[in-house]
Each structure stands twice: as C-alpha cells, then as structure tokens.
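The structure displayed is predicted, hence computed values, not measured ones. What you see below is based on every heavy atom in this structure, not just the backbone, and it leaves out hydrogens, waters and symmetry mates.
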Amino acid sequence: MSIEPAALSYDAHGAPMSERYGDVYASRDGALGQARHVFLGGTACADRWRYRPQFVVLETGFGLGVNFLATWQAWRQDGARPRRLHFVSVERHPLAGPALVEAAPADLKALADELAGQWPLPLPGLHRCEFEQGRVALTLAFGDARTVVPQLRLGADALFLDGFAPDRNPEMWEPALLRSLARLVRVDGRVATWTAARGVRDALAAAGFELELVPGFGRKRQMLVGRYAPRYVVRRHEPQPPHEGERSAIVVGAGLAGAACAHALARRDWRVTVIESTRPASAASGLPWGLMHPHFAADDNLLARLTRAGSAATAAALRRVAAAGDHAGEVVWRKDGMFQQAAGADDAARWRAALERQRWPANHVRWLDRASAGAALGVLPARPGLWWPDGLLVSPARWVRALIDDPRIVLRTAHAGSIDRRAVGWTVLGTDGTALSTAPVVIVANASDAPRLLAARLLPTQSVPGQVTFLESEGLAGLKAGLGGDGTLLHAPDSLLAVGATYEAALGKDSVPLDERMAARSNLARLERLLAHPVEARASGRFSGERCVARDRLPYGGPVADETAAVARADRMRGAHLDDLPRRSGLYASFALGSRGLTFAAALAELIAAHIEGEPAPLERDLAGAVDPGRVLLRRLRRGAVGVVGGSVAG
C-alpha cells in the first residue's frame, strides 16, 4: 500500500483545505472549537475517562491533527484524567510535520511542535509516537482505511469519524468500513461525527450504534452522536479488556528478548522479576556489536513489513534508555547508516525497479552506485545497493544492561526448572522444585530452553551456531558505516572491527561447530566478497554463539496457546483462526529471534505488553499473527494433524 502525502493548501478564506478532495480540513468556524464540541463533547470523553487506567480513541482522518492535539490538551488539563491515553488515527494522505505546526490553532502550537518532533516518515503501517513519559500514545495507521482498519487490534472507548464530506470522499463512509470500525469499539463506547447524512446514520445503526441527532458546531445545524449497544452478537470475540489487578510479572531469560519485555512492563509501572541462570546477555545477546536495518523486498512482503516495524520499535526503545546513545558511561548505539549491497546484477535491477515503484522516501532508503556508497562508507564496496540512513550500530550486551537498569526490575540468578499454575498465579520453580517467584503474568524468553519450560511440543526450534571474527586492518580504519551483503562488516566506537557471521548447520546430535580458524577463514573470505579491492586484514579474536531459530524463520512472540485444550476440541477447530485458540491465561513467550534479535526484541516486547494491558496493538493483525506462538498449532489443527497420546499433545 503506497502512501500519498498531502501538501497544505488554503482556500480563498484562508482555511486549510485538501486540493485532492476539494474540501476544508475543519469547520471555518474554528478547528479547535469543532474538535471540542463535535468529538470531545460528542463522545463525552471528560465524563467517561475519569480515573480510568486507560482510555482509547479511534479516529478516521488525522488531517491537521487538531482532534488529537485537543484530546491531548484536555487530558493534560484534567485532574481526573485516565492513567494512559491512546489515540489511534487512520490516514492515507499525511501532511508533513511542519505543516501540522503551521496549521495548528494558537492554543495548540506547543503541542504541535512536540508532535512534529516525532512525526514519522510517510511509510505504510503503524507508527507509534509517545508523549508525557509514555502516558499519551499516538498510533498513526498510514494507509487506505478499508485495508488498514481490519488490521487494527484494539478496544475503542470513543470513535471520531472525521473524514472529508461523504460526497467528497465516499470511500471513508462505506457501510463495510463502518462495520469494521464498529467491531473495534467497546460495548457502551461512543461515536461522534459532524455529518448528519442519512446514509451514514443508516450504516452506523446497522453496525450496532444507537444514534441521536444533536446541535452541530458553528453554522452546522446538526451532527450525529451515538452509543455502541448492538442488539445481537456482531463479533466472535470482544476486544481485549484493560488490565485490572496486581501489576507484577516474571520474565525468564535476560537476553535481548527478556530484557526488552521487562523494560516494556516496567515503564508501564509493573514490578518485574527477571530470572536468569547465569548473567544478563550471557548467550547470543552478548554479541559486542551488531547492525540493524529493515529487510528489503521487491514486493514489500511480510518479512519486510515486520522488520520495518521492528526497526522503528528498536529505535524508540534505544532512545528511551539511552537518548544520546550513551548509558552509564557506555556507548550503547550510534546512527551511522547502513549500506546493503546487491548480490549481483539481477538483484540490482530488481531493487532499483522496486524503489521506483514503491516510492520510498529517500531518507528511509535510496539507491547508491558504488562511488556514492564508497563516499558514505569510507571504503569502496564490491557492488551498488541500498543506503539506509537510519541504520543503527548497537551493542546488544550494553543495551540489555540499560534495559534492566530500572528500580522496578529485580534480577535473580537461578535456573528455571518448571512453571506451575497455582491459585495465586504462575510460579516459576527451580530445578530442585523450590519456588523462585510467583506472579499473575510470566513471560518465557529463554531461547532454546523455552519449549521445554513451556512443556510445548508445537513450538519447534533449532540451534544454529555462528561466529563473528574480530579484525586488525589499517585498510579498514576509515570505515564509517555498516556494510552488508554476504555477511556484514562494522567499525564500532571502541575501535572494534568485525566481520561475520558464519551461519553453520543446525546443531544435531552429531554436529560440531566450526573451530576458530575455520570460522576466521570463512569470514575473511566474506570480507573479500564485500569489498571492491582486497585489504590486508588478520583475525584477532572472535565471538561465537548459537541462534535460536524457528523452522519458519520467524520469532515467537505473544500469548501462549493451550495445546492440550485445543487438541481436545480439535474436531471443532478445523476452520479456526488464531483468535479462536484457547490460551494459557497470563503466560507469554518471546524467543527464537534468530539473527534478528536487535530488530525484533523491542517490537515483540511492546506487542506482549499491549496484550497484557489491553492496549491497542503496535503491530498490524497479520504481522502479529505471523509471530504468534500458536501459529504452528493452528496450522496442524486445520490439517487435522494433531492428537493426544498418553495425555500429551502429539503432532
């Protein structure tokens, strides 16, 4: 889905307007007055959000952003405000950040400046901006509403319908779209819109709203408000409710996945116990430095979208814990950019054609010939390719330490032997059967040991060894950005030069990892293929680890399925969806991140935390489904390929 940014224009009266739709963005009687009367007043936000743990607004048509800014201002000024405000808005034609500031009413200029400071690039998908130390969250869903809305996962307390007039932009008012929006509204949620068109009234009533015509704003005689109160069942599953009760959790594993999960909950004011058998970042997450950028695909496939979302989540998490790149005297990350060279002429032609077709912003990714890439890198690459300006150099080990450096997180050194469901919640037991900790929520993030701890047969993984070789080379001293292709080459702030990584055969019963000399030869050959001209370099050390990889090469992140309960009703689940799977309440997993731990850890953590809290999901429905821990079970249920043998799941 391509995004078509809009340019700010004004009509003859000086009102901001869209030339595309030939309509003004807001009433000429005042955008702020309209936002307060029609949307905040029409959905009774201030009366309904009093002292709630969260309040969720869903909007169609972000436009100038005045509705969001007015809602944020009202939240800020209200002593009885909810603990967290979520505002989710759908927009296919976003303006640029400076245009939002230019068009903002005087009372909202300061907030508009803050918004513009976080304004995302016009890329399809969901974009999360946070303000007020995370207590106000704006999720921008860029794309055609008819495609985007079915991908949203949330429970809205208020629905703002603020598209252009039905006769100017009829697609935004189609009955099918209004039904999709209604499915996201909580029972007793409210809707408001400035239009009183009969077709809109009929479509909303059919979608389950009880409606009322009330006085409009300014010269508008009437507007429409309503309450979601369907008289019959219109959806198979209700939106996830907000979390109530004890706010404590256990995370098993202190690698990237576990540390990110602990951080995501701690910043939502949860107390978190992290259980780790040795020390934080002791396994593959102990890599001294790594590179991160999105995956590129000519068809912008699921992996490309997932890594784009993951890269954005990682960048946001890094800024939270190490705003300037440093934490506790250590450099955690640096934005150097990343060059990804094509594998050959065919790849180059396909990538260039895709870039022209997809029209990505140049400050997201652009094509560079070899000479231009050499100027950006400081060394000449073997081939042309893609330049990612926001590519990051990150120390996973230092990031883990920064993530768990929080007074709400307690680290306990012990080996988790099993997990037991008890009346008071989940208890993690040591190998000797001693209770290590108890909490209502447990997140298992201990890589290859996770399936055993979860007693799950249908979370298949394999261990894939890999080695990075450290280098000494005067010829690479000028390297100033990451270089990728057949492997990666980086130059870290501590002067470390590294090339890698080997991707060795999955460890089986008789497998033996490459020894250090063999791995070094492999990586030095990789270095030679990355560069246009050979340089003198010698191996000076290595980092070795084992990646935990799922068989479909995607991570597991989300609520854990109840395999036994699902198989017991297998005959009724041949046509099931992920939402139909029974889950082990309060039990979550984040593991099998493979070689993309830097890309996926923060996104999975935010996805899990949002599910626990009943917040809007930060990933589209199909992306969340692609990483769902129940996906293998669901596929086998659909094929009728699972059963129970001796009380255990077999398949």
Looking at E620 and R153, is any side-chain nitrogen of the basic one under 4.0 Å from a carboxylate oxygen of the acidic one? no
May I ask you to say whether R583 pairs ionically with D562, meaning some side-chain N is under 4.0 Å from a carboxylate O? no
- Task: Measure centre to centre between the rings of F55 and H86, then say whether the value is under 6.0 Å.
- Result: no
ask   = Does D157 offer a backbone N or O that forms a donor-acceptor pair with the side chain of R186 under 3.5 Å?
value = no
Margin query: Check the orientation of Y556 and F591. Use parallel for under 30°, tilted for 30 to 60°, and perpendicular for over 60°.
Written below: tilted
- prompt: Run the salt bridge (charged side-chain N to carboxylate O under 4.0 Å, His left out) check on R84 and E132 step by step: do they pass?
  reply: CA-CA 10 Å; R84 205 155 194 241; E132 310 285 353; over 6 Å; no
Of R631, R635, R636, the one forming a side chain to side chain contact (heavy atoms under 4.5 Å, CB included) with L458 is R636
* Check: H243 ring centre within less than 6.0 Å of W270 ring centre -> yes
Exercise. Would you please test R569 and D580 for salt bridge (charged side-chain N to carboxylate O under 4.0 Å, His left out) and show each step?
Key: CA-CA 11 Å; R569 61 185 82 160; D580 301 320; over 6 Å; no
* Asked: Just by distance, with hydrogens left out, do Q467 and R542 show a side-chain donor and acceptor under 3.5 Å apart?
  -> yes
Exercise. Show the numbers, then the answer: is there a side chain to side chain donor-acceptor pair (under 3.5 Å) between W333 and D326?
Key: CA-CA 7 Å; W333 63 277; D326 300 83; over 6 Å; no
Residue pairs meeting salt bridge (Lys or Arg N to Asp or Glu O under 4.0 Å), one or both in residues 402-413, sequence neighbours left out, come to D269-R408, D406-R408
Exercise for review: Evaluate side chain to side chain donor-acceptor pair (under 3.5 Å) for S448 paired with S463, printing each intermediate quantity in order.
Suggested key: CA-CA 7 Å; S448 297; S463 293; 3.2 Å; yes
